[in-house]
There are 2 protein chains.
Amino acid sequence: MTELAETITERRRQTRKSIYKYLFCAETSRSKQEIASDLSLSMPTVHQNLSELFQAGFIRRDGMQQSTGGRRAMRLTIAENVRFAVGVSITEDRLRFLAVNLRMQEIAYKNVKLDVSEVNAIGLRLSEELETFLNENGLNRTKLLGVGIAIPAVINVELGKIALAPTLHLKDISLSEITKYLNYPFYVSNDATSGGYAEWYTQPEQNRMAYLSLEGGVGGAVLLNGAPYEGDNRRSGEFGHMCIEPNGLICKCGKRGCLEAYCSASRISDDLGITLEEFFEGLELQNPSYRALWHDLLLHLSIGINNIRMALDCDVILGGFLTQYLEPYLSEIRRIAAELNTFDNNADYIKLCRYPKRASTLGVALYFINEFIENI
Amino acid sequence: MTELAETITERRRQTRKSIYKYLFCAETSRSKQEIASDLSLSMPTVHQNLSELFQAGFIRRDGMQQSTGGRRAMRLTIAENVRFAVGVSITEDRLRFLAVNLRMQEIAYKNVKLDVSEVNAIGLRLSEELETFLNENGLNRTKLLGVGIAIPAVINVELGKIALAPTLHLKDISLSEITKYLNYPFYVSNDATSGGYAEWYTQPEQNRMAYLSLEGGVGGAVLLNGAPYEGDNRRSGEFGHMCIEPNGLICKCGKRGCLEAYCSASRISDDLGITLEEFFEGLELQNPSYRALWHDLLLHLSIGINNIRMALDCDVILGGFLTQYLEPYLSEIRRIAAELNTFDNNADYIKLCRYPKRASTLGVALYFINEFIENI
DNA sequence: GAACTTTTATAAAAGGACTTTATATTTCTG
DNA sequence: CAGAAATATAAAGTCCTTTTATAAAAGTTC
């Protein structure tokens, strides 16, 4: 794998990047003329930059175009397999590994059960399982861009530690406990933030959006002005701890009335002592206590969504594993939210996510894909 | 006033703009070498661009620097008076006019009382008073960049109308009713949005911030990732209609439990039938019913602020005319907010604005200043 | 199927904007 | 007052892009 020449001015690098990015974002392969025309560049400029990218192995030919009355154009696309990234998600009982190529396509996936006790030695276990995962799938380590790790935890970046992870029963743990056994570039991020990033990044039009993650905890992410928005402490989008019922239910965080106390999946499983499957089966059968809980949950969820809408005036995407079950109730959520809304007549801005299960794992791998593109 | 040559490539325009912007943002005048060094440009490039800007009248000499051992450097700064912008704020009982130069300094101000009945013919009145304002202050119309108009109203941009303006007792009025008599470029914006823009734009470091405006109504603005964030319908930052108390107090918007119902200045004046001055005098004297209301207001204000913090993880700036009275209570607000907060130990992120009175008028004028700079 | 048109691909020359180098100008220092 | 140091400007050079020219490939026409 040859590398691109580095003795180049910033301007040229930008032009080259814009060409690569264009091919990366394009759904299908493109011809040189399409690139030149869409990027408002001259043919020779496109030609030269493509030659470099081609020589470095970052783009490849993809057949010839049908003639439109003259010489047939060569179709070009990115070489999707010259690099890959791995995302790992850590939850209470599982490690999930996902490897994706530069087209963000899955090239391997694995799901490892954990004992509760193992959380304390998670770093070593993660590293070992990662090596197994790479070996089992014959993945070439020299092509590995990096390993992203998604955790259901509030991360304090400055201090390099986990400030709070109620679902993992962790607090004030150093991040290096998790990462010190890794021999690859790594990046640690909150699971909801990663999930929102994945949903947003894989949209054809990277619109602004607020992502509300409904899992054991409730979190989220904010993607605005064409970029993820992190905030002062990479703690934006913590919608779960907005107070929507003063003196309301007590939350795992110790405060009262948090959105999370009302809308997390744990509220269902812990309060009733049943699984989500059992709950939604019972709900279908009109179990009255299930219905009461569900109605209260949807009401407070709608309040939370409406508050996000008031602040950000953008689509609100519902994500997290609870979302798998929400499709039949979406119209009800929209109805309640619309009633609460001062400005909108409907709540079509509420949408369900595309990856209720693997969003955070994907998102944290995308961090490296994106970095690769930005530095090409 | 000569204009800059227009037959220029985009690249050169960017360089020229970066130089002008550098002088615009600098607190004091600068030398050529300072510009070259801070912008990583060579001296000849700086020299050439400055020559053009100088010839066009957009920058001026500002004396000579003390020598540091050789030829004295010429100090340069922007010509602040070659253009100006006017901001108008419309409220129930007043029109306020503010003219500012390119340094955002006030060059004229006027405050006109309105009869309640006049709201319906506001367009004509505004235009007439504007002409008077320009005449009285001898302002040169050829230098006028445009007239910004701030209204306490939700504006529907697509339909070009005021969707809702409870404090003005207006609904579904076309914007052209207000602007059709104006012979200048104009721009209409929500007052809280403009206020936030002014607070943000005049900060030396344009950090991210959420602006919460406390006036007769409660609104706000969101300024993130180095730019104002507008949202899908230019309706972001409508914090006043976040629900923070389900089934709580009824709001002017018709819903229940809105932040505005709890924290607007109208709550004080309407509920008690007194002015704000009277209220805060009575509060100092420990009037018990005043204290009860005030405590409830601060509690709900803190809930609202905390919710904004959870979503955006950035400074929350309190603005609007109620803010004039808040200084003695800031520590209490911070204390309550810190108690509500899951992550932060203190609430130093809550800050008071710099312009409790003229922020919206200034902000809407800044729209044109900013446009001028961006297109130089 | 030869000649022509159309489209794609590449090479050579030219132009724009910046930097480097050189030189002039001004001011300070000994 | 000569030399050093800093600022200001001019001339030459470099990089990257575009324009122009030309080659190559495929369809169209007679």
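Lettering follows sequence order; numbering is per chain, from 1. None of the values given here were measured: they were computed from a predicted structure. Scope of the values below: all heavy atoms of this structure, side chains included, with no hydrogens, waters or symmetry mates.
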Quiz: residues 366-373 of chain A side-chain donor-acceptor pairs under 3.5 angstrom, not counting sequence neighbours:
| residue | atom | partner | partner atom | Å |
| --- | --- | --- | --- | --- |
| N370(A) | OD1 | Y201(A) | OH | 2.8 |

Report all side-chain donor-acceptor pairs from residues 21-29 of chain A shorter than 3.5 Å, counting only partners two or more places apart or in another chain.
| residue | atom | partner | partner atom | Å |
| --- | --- | --- | --- | --- |
| K21(A) | NZ | E374(A) | OE2 | 2.7 |
| Y22(A) | OH | R30(A) | NH1 | 2.9 |
| Y22(A) | OH | D38(A) | OD2 | 2.5 |
| S29(A) | OG | D62(A) | OD2 | 2.8 |
| S29(A) | OG | R75(A) | NE | 2.9 |

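Contact check for R208(B) versus D315(B): no side-chain heavy atoms found under the 4.5 Å cut-off.
Atom CD in Q65(B) sits about 12 Å away from atom P in dC28(C), given to the nearest Å. Straight-line distance from the CD atom of Q66(B) to the C1' atom of dA5(D): 16 Å, rounded to whole Å. Counting to the nearest Å, the C1' atom of dA8(D) and the CZ atom of F54(B) are 14 Å from each other. As rounded to whole Å, 11 Å separates atom P of dT19(C) from atom CG of L39(B). If you take CD of E34(B) and C1' of dT7(D), they are 12 Å apart, rounded to a whole angstrom. Straight-line distance from the NE2 atom of H47(B) to the C1' atom of dA24(C): 12 Å, rounded to whole Å.
Taking a 6.0 Å sphere around CZ of F186(B), one finds it holds 12 or fewer heavy atoms contributed by other residues, nucleotides or ligands.
A close approach under 4.0 Å does not occur between any side-chain nitrogen or oxygen of K32(B) and OP1 or OP2 of dA6(D).
In this structure, N101(B) and E80(B) approach most closely via the heavy-atom pair CB-O, 3.2 Å.
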Quiz item: Once each nucleotide of nucleotides 17-26 of chain D is scored for protein heavy atoms under 4.0 Å, what B/S/- sequence comes out, 5' to 3'?
Solution: BBB----BBB
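Under the 3.5 Å distance criterion, with hydrogens and angles disregarded, no donor-acceptor pair is assigned to the side chains of S18(B) and T15(B).
For the pair E10(A) and Q33(B), both in contact range of DNA chain D, the more 5′-proximal nearest nucleotide belongs to Q33(B).
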